[in-house]
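Structure first, then comments.
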2 protein chains.
Amino acid sequence: MQLAERVQTVAETLTPAERKLVKEIISKPRDVALGTALELARKMGVHQATAGRLARKLGFETYSDFRDAIRDEFIVKTDPALRVRKTLEISRGQSILDLLIQQEVEALSRLTAYIDESRLNDAAKTISECRRIFIFARGNAETLAVLMDRRLRRMAFETVVISGDSRDIAEQILTMGRQDALILFAFRRQPDAYIPLMEHVRKVGARSIVISGAVGPSLSPQGDHLLSAPRAGKTDAFQTLTVPMAICNGLILSIAQFDEKRSLIQLETLGELIASFDRR
Amino acid sequence: MQLAERVQTVAETLTPAERKLVKEIISKPRDVALGTALELARKMGVHQATAGRLARKLGFETYSDFRDAIRDEFIVKTDPALRVRKTLEISRGQSILDLLIQQEVEALSRLTAYIDESRLNDAAKTISECRRIFIFARGNAETLAVLMDRRLRRMAFETVVISGDSRDIAEQILTMGRQDALILFAFRRQPDAYIPLMEHVRKVGARSIVISGAVGPSLSPQGDHLLSAPRAGKTDAFQTLTVPMAICNGLILSIAQFDEKRSLIQLETLGELIASFDRR
DNA sequence: TTGATTCTGCAATACATATTGCATCCATTA
DNA sequence: TAATGGATGCAATATGTATTGCAGAATCAA
C-alpha cells in the first residue's frame, strides 16, 4: 500500500500535530526516509513521541518499519542509468503528464535567458510606486489576471481588472492618471484593444507593464516594461501559462521586496523574504 | 572526495576482512547507505567492529559519517530534482527568479511520483462521462477555477463555478444530480464548505475530483478521485500554483484524449493530440 | 462552568547501533 | 620452533534512537 493511501485511510482521525507531520512526510519523503523520528519531529515543532505514534497510526508496527516503507517507495535502489532509460521510455511512449512536465521544465529553465533580475526589478519598482493598478487580459490569460489581482490586493494595492467590450473598457479606464499603472497580458496575438489602451496610457502619463510570450517583442506600440519569454510547447499547439505565471510570481516577490525596503525592514536573505511572504 | 578515491588511497593497507567489506560497499552502495554496520558486517561474514574500523580507515570520524557520505554520493544524487537544483546553483546566482524557477522545477519533477497516468485517466474518464461540471475553489486557487472553467467550456462542457458564502453555495448546488461532477481545489487547509459539499455530492450520487497539495491525503471525507502533489516552496511560505496547474493541464489533455476516442478519431501519438488541441 | 475526552510533551525506559579495550589467532621472520 | 606484530572477534560500554506511562493542556459537550 502506498503512503498516500495509508494517509487517506486514517485522514479523518489525524490530529493537528499529526497533520503537520504528514504534510512534511508527503512533501519531502526523501528527507524523512533518511532521518530519525526526532529530526522529523523537531523540524515540524512537535514531540518525537508524536512521530512515533503517527507511524503506528499509519499501520506500522514501529517507526523503523514506517521509515523502511518510505525508503521502499521513495528511494531509488536500482541503477540510476536503468531508471533514466525507463523514464524516457515511458514519456516517449504514453504518459501525458511526463511529456507535459518535460516541456514545462525546459521552458522554465530557459526563462532567465529572457528576463533578468534588473528587468524584473525595474517593473516591480514601477508598480510599487503606483497608486492604482489596472489589469487587462483576454482569453486564457484571464487566469493570470485573477492571480495578479488577488496577490496585489493582499499587498494593499488598489486594483481594477478591466473587463468587457471596447465601450466597457473605455469607461473603466476613464479615471486612469499619471500615478497609475497598467499590467497587460498578451499571448498568441495582439489583443484588439491593445493599441487604444496603450495610447491612452501614454496620453494620461501612466505606466505600462506588458507580460507576454513569444509575441512580446513584436507588439507595438511598446510598453514601458516588457516581460516576455516563450512558453512551453509548440507554437499553435497546447500552450500553458506556467512560464508567464512564473514571471508573475517573480514580479510579486520583487514588489514585496520593495515594500519591505520601503518600510525599512531589512531581510538578510531572499529565502527569508520568500518565507515571510504570504504566511498566514 | 569520492568514495572510490578514498578507497584507492588506502588500498595498499587493506586487510582481507576489510577487502570483503569494500567489495560490497563498492558494488552495492545503496544498500550500505541504508543499512547499519552490523548488517553490512554480518552479510560479509566479518565482525561489526571491523566495519567500524574500516570507516575510520577511510578517513571518517565515525561509521555514521561514513554512511552519510555514501548517502550523499549514491542516494541524494539520483534524485532528478536535486540534480537540477545543483546545476542551477552552480550556473547562476541567487536572484528571486532563479530561486523561484529552481523550486518550480524541483516540484514539477517530483509530480509523477505522486500522480501516475492511470490515476489521471480515471479522473479524466469520470469527467468526460459527466453532463455538468461544478467547480469549487477558494483563495488563490480561484485562479485555477478560472482556468478549468475556460478549458472545459471550450470542450463544450457545461460548467458551474461555485461562488459566494454558504447560502449561495447551497443554492448553486441545488440542481446537482447523479450525472454531474464536482472539481474541488483545496490547498493549505480544508475549506469550510468542504464537508457539506462533499456530503451533498455523495447524497445526490454525483462524482467528485479533488485537486490538492500536500494536504490532499489528509482531507476527509475523501472524494472519488484525489489528484494531489506537493507544491513548490516551503510549507507556510510563498507557494505557487504551478504544480496544481500542471495537474489541471494534464487532466484537460487527458479528457481531450477521451473526447477524441469518443468521436472515433484515432491519433497516432499523444504528441499529435497535444499539437491538435487548443489550436486556433 | 464543569466534566469527560483527547491530545501532546516530558521523562524514564527499552531497544538498537556503534565504539573500544582486551584476548586470541594467524602469518611472518629469525 | 619461538617471537613478533597486526588482524580479528568478543564483550562491555557508550551513544543514539524509539517507545511508553503519566500528567498537564486543550477541546468539546452538556
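Note on naming: letters A, B, ... go to the chains in the order of the sequence lines (proteins, then strands), and numbering restarts at 1 for each one.
Residues passing the side-chain hydrogen bond (donor to acceptor under 3.5 Å, both in side chains) test with B:Ser218, sequence neighbours excluded: none. Contacts of A:Thr15 classified as side-chain hydrogen bond (donor to acceptor under 3.5 Å, both in side chains), with partners at least two apart in sequence or in another chain: A:Glu18. B:His200 pairs by the side-chain hydrogen bond (donor to acceptor under 3.5 Å, both in side chains) definition with nothing, not counting sequence neighbours. Not a single side-chain hydrogen bond (donor to acceptor under 3.5 Å, both in side chains) links A:Thr13 to another residue, sequence neighbours left out.
Within the 4.5 Å cutoff, the side chain of A:Val22 has no heavy atoms near those of the B:Val215 side chain. Inter-residue side-chain proximity for B:Leu147 and B:Ile252 is flagged as unmet; no heavy-atom pair is nearer than 4.5 Å. A 4.5 Å side-chain heavy-atom check between B:Leu197 and B:Phe134 finds every atom pair outside the cut-off. A:Arg30 is not listed as a side-chain neighbour of A:Arg71, based on a closest heavy-atom distance of 4.5 Å or more.
With rounding to whole Å, B:Leu38 atom CG is found 16 Å from D:dT15 atom C1'. Taking atom CD of A:Glu12 as the reference point, atom C1' of C:dT6 lies 17 Å away to the nearest angstrom. Whole-Å rounding puts the A:Arg56 CZ to D:dA18 C1' distance at 10 Å. Remark: P of C:dT17 and CG of B:Leu34 are 13 Å apart, rounded to the nearest angstrom.
For A:Ala17, the side-chain atoms get nearest to C:dT8 when compared with the rest of D:dT8, D:dT17, C:dT8.
No cation-pi contact links B:Arg6 to B:Phe66, judged by a cut-off of 6.0 Å to the six-membered ring centre and 45° from its axis.
Comment: A:Glu24 does not engage A:Lys20 in a salt bridge, judged by the lack of any side-chain N to carboxylate O separation of less than 4.0 angstrom.
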Under 3.5 Å, which donor-acceptor pairs link side chains of residues 174-184 of chain B to any protein atom two or more places apart or in another chain?
residue, atom, partner, partner atom, Å
B:Thr175, OG1, B:Arg132, NH1, 3.2
B:Thr175, OG1, B:Arg132, NH2, 3.1
B:Asp180, OD1, B:Arg132, N, 3.4
B:Asp180, OD2, B:Arg132, NH2, 3.1
B:Asp180, OD2, B:Gly177, N, 2.9

Name the atoms and distances for all side-chain donor-acceptor pairs under 3.5 Å in residues 205-213 of chain B, with sequence neighbours left out.
residue, atom, partner, partner atom, Å
B:Ser208, OG, B:Asp224, N, 3.0
B:Ser212, OG, B:Ala186, O, 2.8
B:Ser212, OG, B:Gly216, N, 3.1

| Steps toward salt bridge (Lys or Arg N to Asp or Glu O under 4.0 Å) verdict (B:Lys203, B:Glu199) | CA-CA 6 Å; B:Lys203 207 170 63 189; B:Glu199 278 176 355; over 6 Å; no
| query | Should A:Asn249 and B:Thr240 be marked as a side-chain hydrogen bond (donor to acceptor under 3.5 Å, both in side chains) after you check the CA-CA gap, both sets of side-chain angles, and the distance that decides it? | reply | CA-CA 8 Å; A:Asn249 285 327; B:Thr240 71; 4.6 Å; no
Restricting to nitrogen or oxygen on both sides, can you table the protein-nucleotides 13-15 of chain C pairs closer than 3.5 Å?
none

Can you pull every protein N or O that's under 3.5 Å from an N or O on nucleotides 22-28 of chain C?
none

Would you tabulate the nitrogen or oxygen pairs shorter than 3.5 Å linking the protein to nucleotides 23-29 of chain D?
none

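DNA chain D is contacted by A:Thr62, A:Tyr63, A:Arg67 of residues 57-67 of chain A, taking any non-hydrogen atom closer than 4.0 Å. In the region residues 40-51 of chain B, proximity to DNA chain D at under 4.0 angstrom, judged on heavy atoms, holds for B:Gly45, B:Val46, B:His47, B:Ala49, B:Thr50.
Atom NZ of B:Lys125 has 12 or fewer heavy atoms from other residues, nucleotides or ligands within 6.0 Å. The environment of A:Glu5 atom CD is dense: over 12 non-hydrogen atoms of other residues, nucleotides or ligands sit within 6.0 angstrom.
B:Arg138 contributes atom CZ, which lies 15.0 Å from atom OH of B:Tyr194 (distance to the nearest 0.5 angstrom). Summarising the geometry, atom NZ belonging to A:Lys23 is positioned 7.5 Å from atom CE belonging to A:Met44; distances are rounded to the nearest 0.5 Å.
Comparing the end axes of the helix from C:dT1-D:dA30 to C:dA30-D:dT1, each fitted to five base pairs by superposing C1' atoms of four pairs onto the next four, gives an inter-axis angle of 20° (nearest 10 degrees).
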